[in-house]
Amino acid sequence: MDVSLLLDDLNDKQREAVAAPQTNMLVLAGAGSGKTRVLVHRIAWLMEVENIAPFSILAVTFTNKAAKEMRGRIESLMKRSMHTMWMGTFHGLAHRLLRAHHAEAGLPENFQILDSDDQYRLIRRILKAMNLDEKHWPPRQVQWYINGNKDEGLRPQHIDTHNDHTQQKMRDIYAAYQESCDRSGLVDFAELLLRAHELWARNPEILAHYQKRFRAVLVDEFQDTNNIQYAWLRMLCSTGDNTIMIVGDDDQSIYGWRGANVDNIHKFLKDFPKPETIRLEQNYRSTSTILKAANAVIDNNTGRLGKELWTDGAEGELVSVYAGFNELDEARFIVSQIKSWLQQGHPLTESAILYRNNAQSRVLEEALLHEGLAYRIYGGLRFFERQEIKDALGYLRMINHPHDDAAYERVVNTPSRGMGEKTLSNIRETARAHNCSLWQASNLLIAEGALKGRAANALQSFILLITELEQATEGQPLEEQADKAIRQSGLYAMYQAEKGEKAQARLENLEELVTACKQFVVPEEADEMTPLSAFLAHASLEAGETQADSDQDAVQMMTIHTAKGLEFPLVFMAGVEEGMFPSQMTNDEPGRMEEERRLAYVGMTRAMKKLFITYAESRRLYGQDKYHTASRFIREIPAECVEEVRLKSTVSRPVHNRFSRATSHESFEQTGFQLGQRVTHRKFGEGIVLNYEGSGDHARVQVNFDEFGSKWLVLAYAKLQPT
DNA sequence: ACGTGTTGGCTTTTT
DNA sequence: GCCAACACGT
């Protein structure tokens, strides 16, 4: 391969990073600065120039999508398979290590992965078993506590409770939860990382093996690493035998709330020998106006590593800010802008609506629907997280490893086979007394004849079902196992008996699961596992797509978090108001406020050509009308980068201090309505026009409704009919 | 054991 | 305002 190919088409800084000598390196890569490209070319360079075998390279990402994309790009660049290279997510790689060294990690060979939903259910069961009130010990908080401690590398015995009763109890719950996981051979997400870390810490020879093997380590999105991930990398790369390149952007750190620690970038510079820093600041994505606006916003944060994006591209259009009357008006405005974008000959896919929280999507959806524009929403339930799929996986997990208590609880009475709460607590009690799995307890109770009547029959039939499924499907292809599990368990019949579209979709999903089994190829590194076990691990680690990929041309809708790493020619950021974005929850804590600002920065830098920022002066939130002011992030944009879109050109007020609404009565006639006229609205019924603003199609009319009080409604959206 | 009324609670999300 | 989770009633 001609090595110059790896350096052509790169700018100076990119080239510097790709062709750097082997040393520890921090690449500060701004949004849209070609970071993936640098990573891919660097890996190719290491192989071609430094003669490092793919076998000796470890590349770590945060999402499966990123890992897949990177592998694909390297393979197409190098034109050969890179299957010996370890490339994956932290969790995926930790899983791989634990499978390979399960004995040393203290895990059974067929351990299973507990996803967040499983974990939540298990915690609730533990709380019940410990006789603790959920009101006092919210399961979500317990879950957060357990994962938080695991992310810090802490086991229950390491936690200093300061003799605080609450702290002690929390620690006890953590300990009880962990015991239950260990007994059932279950590993949650945080546990994967913690165990992998402990595996190396306790087995120096295993650690030495990997230190020697991985001569080059590369980490993407380093600003998102949490402390246990950092410690794991540090352990691997601290001997000086290998080098690590980390790529990240402190300004795009938006996952602090789930344990990510931006400080890890700073710590890297201190903890790893002779680190070099390279800044990628040339942006290939956005217009200079958008960059200027985004730079100005992020500049309000303190303690940045410092970086200013620039482009030699066009200045482009101004950032447009629109103040909607309410969220309906905001949505209507966005839709009208997308329509004119469409009329200019652009596809819908080039446009994206980004919002702070998912609840915002509904109004936007309705507005798009109303105008017949197709949209695609990202986020929400993934395939393997769906109820019916988890039910089916529960049976497969029981076949794989019947001592899996989480799976047992899920399927023992789904579909209902007459196991009452009483029988179940009997089984749980027995399991606790014998310190065994629910499965063992069930068998024990049957053998002892301790149950009678309906309960005995029900439990007996469940045991029989699992045993038969296990025997009937042993050695069978995966899809046979899944198909039999779904049908013989009565799961399929259960959803068949349910009526409605939802049940129909569930049946289709179950069929889809069988198809997924058929198409599943056991990955090379999992060749010692049974296909079933490998599939179950795959289902937990890769929850699958949110929606089946549709080729339909559609507006892209997602939260700003989800949009990180993506780009769109036309971007709308909706709900950019104090209280929404920054979120009310931020509570003016400086650290959290800065993370919100980074989120704003991420959102703005998604836009390539045109950025709209919108907000609503009044918004129905949790059933109440809230009156918000424009977000501070809007005010932080330099005036020369912004144009305020006004419905009425004659009224123009600065963005910065507008909150009050207009009450002028000028040119009311143009609206086609008259004061005191009776108008109807499909949702609110009949009312009387009291007030208005604007003219023509875009008039805003205040209508008094006898029952509902007075509201501002936007004619164009609300479709008030003159009567 | 299952179906209906009432209460509460509520960012962001990947693995 | 909406959804999920519990309580209660049949």
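Atoms considered below: every heavy atom in the structure, side chains included; atoms not considered: hydrogens, waters and symmetry mates. Order of the sequence lines sets the chain letters (A, B, ...), proteins ahead of strands, with each chain counted from 1.
- Between Arg619(A) atom CZ and dG1(C) atom C1' there is a gap of 14 Å when expressed in whole angstrom units.
- We find that Arg620(A) and Asp625(A) are joined by a salt bridge, their nearest charged nitrogen and carboxylate oxygen being less than 4.0 Å apart.
- A tilted orientation is assigned to the rings of Tyr210(A) and Trp200(A), their planes being inclined by 30° to 60°.
- A salt bridge links Lys35(A) and Asp220(A); the closest N-O separation between the charged side-chain nitrogens and carboxylate oxygens is under 4.0 Å.
- The nearest whole Å value for the distance from the CD atom in Gln387(A) to the P atom in dC3(C) is 16 Å.
- In this structure, Glu69(A) pairs ionically with Arg73(A), as a charged nitrogen and a carboxylate oxygen lie closer than 4.0 Å.
- Both the sub-6.0 Å distance and the 45° axial angle are not jointly satisfied by Arg597(A) relative to the ring of Phe633(A).
- With sequence neighbours left out, His91(A) forms a ring-ring contact (aromatic ring centres under 6.0 Å, His included) with Phe189(A).
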Tabulate protein N/O versus nucleotide N/O from nucleotides 6-8 of chain C, keeping only pairs under 3.5 Å, one per line.
{"residue": "dC6(C)", "atom": "OP1", "partner": "Arg124(A)", "partner atom": "NH2", "Å": "2.2"}
{"residue": "dC6(C)", "atom": "OP2", "partner": "Arg124(A)", "partner atom": "NH2", "Å": "3.4"}

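- A donor and an acceptor atom, one from each side chain of Glu330(A) and Tyr615(A), are nowhere located under 3.5 Å apart.
- Partner of Arg397(A) under the salt bridge (Lys or Arg N to Asp or Glu O under 4.0 Å) criterion, out of Asp404(A), Asp115(A), Asp391(A): Asp404(A) alone.
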Nucleotide by nucleotide, nucleotides 2-15 of chain B touches protein heavy atoms under 4.0 Å in the pattern (B base, S sugar-phosphate only, - none) S-------BBBBBB

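- dT12(B) shows a glycosidic angle more than 90° from 0 and is accordingly assigned anti.
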